[in-house]
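Right, one structure below, let's go through it.
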Amino acid sequence: MNILQELRGRLHSVLASKVEDADRFAAMLTPSQNPEFGDYQANCAMPLSKQLGKPPRDVAADLIAELDISDLCEQPEIAGPGFINFRVKTNFLQQQIDQVSQSERLGVEPVAEKQRIVIDYSAPNVAKPMHVGHLRSTVIGNALYRILSFLGHDVTSDNHIGDWGTQFGMILYGYRNFVDQAAYEKDAVAELSRLYRLVNRLGEYHQTVEELPGLEWKLSEAEQAVNDAEATVEQDDKRGKKQLKKLRSDLESIRASVKKAEGLVAEVEQDAELKKLADAHPEIHTDARKETAKLHAGDPENRQLWDEFLPACLEAMNVVYRRLDINFDLTLGESYYQPQLASVVEELKSKGLAEESQGAMCVFLPEERAPFIVQKQDGAFTYATTDLATIRYRVEELKADTILYVVDARQGDHFQMLFKTARKWGYDDVALQHVSFGTVMGKDGKPFKTRAGDIVGLGDLLDEAISRALGIVAANDDAKPNGAELDDAARARIAEIVGLGGIKYADLHHNRESDYIFDWDKMLAMNGDTATYMQYAYARICGIFRKAGVERETIRNSDQSIQLGHDAERALAFQLLRFDEALAASAQEYRPNFLTNYLFETANTFSTFYDKCPVASEEDEATRLSRLKLCETTARILEQGLSLLGIKTSERM
RNA sequence: GCGCCCGUAGCUCAGUUGGAUAGAGCAACGGACUUCUAAUCCGUAGGUCAUAGGUUCGAAUCCUAUCGGGCGUGCCA
């Protein structure tokens, strides 16, 4: 039973006879912020006071008088201006926790209204190896997939990989002109990725060389503007000062881009080899795009190369996914929709949504500054077109009720336009949701750059995490009071669980909306609010079972009912009963961090219990069994909860 | 220029949709291992919630302005 929901329901039925929007007021019943105010609190009496024309405390008293909750709670108390505080009866907790301890689903009821949900996440670009920037979408998306599935929804994960865009043209161009055949045969993916970076770099070089004079001119303009403003702005001219400041910051950003451009050019020019290549390929930028266009147009040679490259690229991605224990129901990349794109544009045209502008087919949306381009001047389709085709497919073939896009917040504008266009196009029943997340920043507070070169690849990141974890696992094992108990194989296995768990958890426990700073040490720290803390709590529970010499199965089937005599026992039972609440909140907002918070609190509450209440050595048999049951339920909730985040546990650490 | 997001303890972050005395984790300080794993627990200290106004019973949360940062902004995805 979801106690919060139950209480809200009871309050709702009282409110319904008094006000129209009972839902809104019932929702004001929330968990208490502070234990001294009980377990739950209702805050609705104050706002109702106006509507009902009574002092809030009187409103609260009226509500309490009509509320039928004596089976769940002690007599509610009115506090402060009109808060109603609820304290759940311990014998009710007892009866509930007994049920949950027997329950396969740990007290979590499957949703009443099952939805068909497609989750679009991870979606790496096959041309570039996966790096730390891909982590968030992958980890958050997979957690949502697991949570929504567990709640009983019909969920399909779809990896919408980038296998058909401009970046593939670069690979094709690179392969044609620069391939090192021996390297390609040895490690195709590494070589292709080198080729991609090379072509990209040379293209950028030429573009930069072309743009640099313009940039420098802009720089001198900006310098002039600042000088002029400095000369004319009066001391007390607030507006002028503000403008001056703006000009200065413009100047700084232009200066930075000039510096960056010069650096880029210098890097190529100082490298004789690179310079030679650059001179030999002056049109590389457009030529690479032509390769893309040829591929799209069905050029047999490019198609053949594509067919050859793709499996290797996919396999490289799958290596990482296997390590992360992630798999997809579908992997329908951009290329899958390629045959459908022309018809998308035709439909948009025939419905009068798309029109030609400057040689491109565009959908113009009111309130949007830029057009939504569905076909470029050169005839190529864009990701906008692909995304529209994908929506059509997911609604018509997959019968999706909801589509979630777990994608970087920087693409927010794109999704705004995509969703608006889709609705106008006729897909207005499906719920389209951009589950956006913030940028991963470096320690300097600046975003990771995709092509900076010194970015850690995802594979290396995982290796590093596991090797650090191994050090800690070994040190901890060596320090055990009764001597080490793990052999090398076990240590290695646990290090993997701890290392990967640490990485996933570091990402999931942030509010996904905010940017966060990527920090090796924090991510792999083995104490505090980390996956390790919960994994450790789980392992300690398993240690209790070993010590007590009982099987978990036996504990679960015992008919000893759970007793909550000690504060720590009551607190733990109450916490365990709120698993349902945490999952519901997490699913409602598509925010795994609600679940990580819950699990951290659960492990914390358990650790306190562990400290205060002996289990295996408890002499009173009923108490001992009761506590074993509490432990067993805690273990299952930690295990299940972590598993919904894609994090594993070990019985020994 | 326009649009979106952000500013909370020394650091990294929460804050359940407007609720009571703003919370965690690191780092600091002080306690707790002959007893189920001290990867732990208990306690202390640390705050003008960027700033200034406003809305109301009540604001970190909503509105306005200012300051500071990030991102995006017609053919990359």
Side-chain angles (χ1 to χ4, degrees), chain A residues 4 27-28 30-34 36-37 41 43 46-47 49-50 56 79-83 85 123 125 162 165-167 242 245 334 357-362 368-378 380 382-384 386-387 407-414 416 436 438-439 441 445-447 472-473 475-477 479-482 485 498 509-511 513-517 519 521-522 525-530 532-533 535-537 539-548 581-582 585 588-589 591 593-594 597 600-601 604 607-608 610-618 631 652-653:
Chain A
L4 177 63
M28 290 180 193
T30 63
S32 288
Q33 311 265 344
N34 188 329
E36 82 180 79
F37 302 134
Q41 62 182 64
N43 307 325
M46 285 81 79
S49 150
K50 243 181 206 167
F83 296 102
N85 293 334
N125 196 308
T166 312
Q167 84 296 132
K242 193 187 155 192
K245 191 160 188 193
E334 294 171 341
S357 165
Q358 296 176 24
M361 288 306 301
C362 301
E368 293 292 342
R369 308 161 290 290
F372 198 50
I373 296 176
V374 293
Q375 192 169 16
K376 301 192 283 186
Q377 280 175 340
D378 63 6
T382 69
Y383 69 119
T386 313
D387 282 352
V407 180
D408 195 302
R410 285 177 285 193
Q411 290 190 45
D413 285 351
H414 167 70
Q416 277 264 323
S436 81
T439 312
M441 314 284 246
K446 292 192 172 138
I472 292 162
V473 169
N476 183 66
D477 192 37
K480 277 178 186 159
N482 303 321
E485 52 181 28
V498 169
H509 96 282
H510 289 100
N511 180 341
E513 303 270 9
S514 44
D515 295 345
Y516 87 93
I517 294 185
D519 181 341
D521 296 329
K522 289 238 161 65
M526 298 303 160
N527 52 15
D529 185 3
T530 61
T532 316
Y533 178 72
Q535 289 168 325
Y536 180 62
R540 293 217 285 186
I541 298 173
C542 294
I544 293 174
F545 300 147
R546 282 195 297 274
K547 171 92 178 184
E581 236 175 87
Q588 166 111 24
E589 304 282 327
R591 283 176 45 176
N593 71 312
F594 288 161
N597 290 348
F600 178 67
E601 280 166 16
N604 196 17
S607 292
T608 304
Y610 182 93
D611 206 54
K612 299 262 159 44
C613 304
V615 183
S617 56
E618 170 62 39
C631 287
R652 291 174 194 268
M653 280 176 76

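Computed from a predicted model, the values in this text were never measured in an experiment.
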Q) When every nucleotide of nucleotides 20-30 of chain B is labelled 5' to 3' by its protein contacts under 4.0 Å (heavy atoms), B for base, S for sugar-phosphate only, - for none, what sequence of letters results? A) BB--SSS----
Can you tell me, in whole Å, how much space there is between the [atom1] of [N] and that of [M]?
N: B:A65; M: B:U55; atom1: C1'; answer: 15 Å
N: B:A39; M: B:A45; atom1: P; answer: 27 Å
N: B:U44; M: B:C5; atom1: C1'; answer: 37 Å
N: B:A20; M: B:C49; atom1: P; answer: 15 Å
N: B:G25; M: B:C62; atom1: C1'; answer: 30 Å

Q) Taking atom types as they are modelled, is there a donor-acceptor pair under 3.5 Å from the base of B:G19 to the side chain of A:Thr30? A) no
Q: State whether the distance check finds a donor on one side and an acceptor on the other, under 3.5 Å, for side chain A:Asn476 versus base B:A39.
A: yes
**Q.** Nearest heavy atoms of A:Cys631 and A:Ile544, plus distance in Å
**A.** SG-CD1, 4.0 Å
Q.
Ignoring hydrogens, what is the shortest heavy-atom contact between A:Gly528 and A:Tyr533? Give both atom names and the distance.
A. O-CB, 3.3 Å
Checking contacts here: which listed nucleotide ([options]) is nearest the side-chain heavy atoms of [X]?
X: A:Met46; options: B:U12, B:C42, B:G19; answer: B:G19
X: A:Ser607; options: B:C41, B:U37, B:U12; answer: B:C41
X: A:Thr532; options: B:C36, B:A77, B:A39; answer: B:A39
X: A:Ile373; options: B:C13, B:A77, B:G74; answer: B:G74
X: A:Lys50; options: B:C36, B:C57, B:C76; answer: B:C57
X: A:Asp413; options: B:U37, B:A14, B:G72; answer: B:G72
X: A:Pro47; options: B:C13, B:C57, B:A77; answer: B:C57
X: A:Arg369; options: B:A39, B:G15, B:G3; answer: B:G3

Q: Test A:Thr532 against A:Met653 for side chain to side chain contact (heavy atoms under 4.5 Å, CB included), laying out the working first.
A: CA-CA 10 Å; A:Thr532 316; A:Met653 280 176 76; 3.9 Å; yes
Q: Please determine if A:Arg652 and A:Asp477 form a salt bridge, counting it only when a charged side-chain N lies under 4.0 Å from a carboxylate O.
A: no
Can you tell me how far [atom2] of [N] sits from [atom1] of [X], to the nearest Å?
X: A:Glu513; N: B:G70; atom1: CD; atom2: P; result: 20 Å
X: A:Asn511; N: B:C6; atom1: CG; atom2: P; result: 9 Å
X: A:Gln416; N: B:C4; atom1: CD; atom2: P; result: 9 Å

Q. So, is B:C5 syn or anti if syn means the angle is within 90° of 0?
A. anti
Q: Tell me the stems RNA chain B sits in, counting at least three consecutive Watson-Crick or G-U wobble pairs, each under 3.5 Å on both distances.
A: B:1-7 with B:67-73, B:10-13 with B:23-26, B:28-32 with B:40-44, B:50-54 with B:62-66
(Q) Once side-chain contact (heavy atoms from CB on, under 4.5 Å) is applied, do any residues pair with A:Glu618, and if so which ones, sequence neighbours excluded? (A) A:Pro614, A:Asp620, A:Thr623, A:Arg624, A:Arg627
Q: For A:Asp515, enumerate each residue passing the side-chain contact (heavy atoms from CB on, under 4.5 Å) test, keeping only those at least two apart in sequence or located in another chain.
A: A:Thr439, A:Met441
What nitrogen or oxygen pairs link the protein and nucleotides 60-63 of chain B at under 3.5 Å?
none

Compare side-chain N and O positions of [X] against OP1 and OP2 of [N] and report whether any pair is under 4.0 Å apart.
X: A:Tyr536; N: B:A39; answer: yes
X: A:Arg540; N: B:A38; answer: yes
X: A:Ser514; N: B:C13; answer: no

Q: Please name all residues satisfying ring pair (Phe, Tyr, Trp, His ring centres under 6.0 Å) with A:Tyr516, sequence neighbours left out, ordered by chain then number.
A: A:His510
Q) Around atom CD of A:Glu485, are there more than 12 heavy atoms of other residues, nucleotides or ligands at under 6.0 Å? A) yes
Q: Answer yes if the ring centres of A:Phe600 and A:His509 are under 6.0 angstrom apart, and no otherwise.
A: no
(Q) By nearest heavy atom, map A:Ile544 and A:Asp611 onto RNA chain B; which one lands nearer the 5' end? (A) A:Ile544
(Q) By nearest heavy atom, map A:Phe545 and A:His510 onto RNA chain B; which one lands nearer the 5' end? (A) A:His510
